[in-house]
S.K.: 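First, the structure itself, so that you have it in front of you.
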Amino acid sequence: MSRTLIIFGLVLIATGLLWPFIAKLGLGRLPGDIVIERENFRFYLPLGTSLLISVVLSLIFWLFGR
């Protein structure tokens, strides 16, 4: 379990460091992402991006499990 948490933490750190490059690819602005902007308020719900990342990670874990 500790090994899994360490790997998950490293993936989160790598994602945070690579986010400027990932944003240039269009992630975070996919169809299905909900953005509500008001005067002093901004709500962002990345549904499309979350689904895409989930599918990609599921395929990767499925391939490593075989």
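For this chain, numbers begin at 1 and follow the sequence in order. Predicted model, so just to flag it, every value in this text is computed and none were measured.
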S.K.: Drop me the distance from L30's CG to I53's CD1, to the nearest 0.5 angstrom.
M.R.: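 Going from CG on L30 over to CD1 on I53, the span is 8.5 Å.
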S.K.: Taking I34 as the starting point, is it possible to reach L51 by hopping between hydrophobic residues whose side chains are less than 4.5 Å apart?
M.R.: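 Different clusters: L51 never reaches I34 through Ile, Leu, Val, Met, Phe, Trp or Tyr contacts under 4.5 Å.
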S.K.: Applying the 4.5 Å side-chain criterion to the ILVMFWY set and letting contacts propagate, would V56 and F64 be lumped into a single cluster?
M.R.: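 Same cluster.
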S.K.: Answer yes or no: is there a side-chain heavy-atom contact under 4.5 Å between W62 and R66?
M.R.: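 In short, these two side chains touch, coming nearer than 4.5 Å.
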S.K.: Can you tell me how far the CD1 atom of I7 sits from the CG atom of L12, to the nearest 0.5 Å?
M.R.: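 Those atoms lie 12.5 Å apart.
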S.K.: Looking at every heavy atom in both P46 and S50, which two are closest together, and how far apart are they?
M.R.: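 Heavy atoms of P46 and S50 come nearest at O-OG, 2.7 Å.
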S.K.: For residues R42 and V35, report the shortest heavy-atom separation together with the two atoms involved.
M.R.: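 R42 and V35 have their closest heavy atoms at NE-CG1, 4.1 Å.
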S.K.: Rounded to the nearest 0.5 Å, what separation is found between the CG atom of D33 and the OH atom of Y44?
M.R.: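 Going from the CG atom of D33 to the OH atom of Y44 covers 4.0 Å.
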S.K.: Okay, side chain of T15, backbone of V11: is any donor-acceptor separation there less than 3.5 Å?
M.R.: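 Pair found, side chain donor or acceptor close to backbone of V11.
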S.K.: Nearest 0.5 Å please: distance from the CZ atom of F8 over to the CD1 atom of I13.
M.R.: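 With rounding to 0.5 Å, CZ (F8) is 11.0 Å from CD1 (I13).
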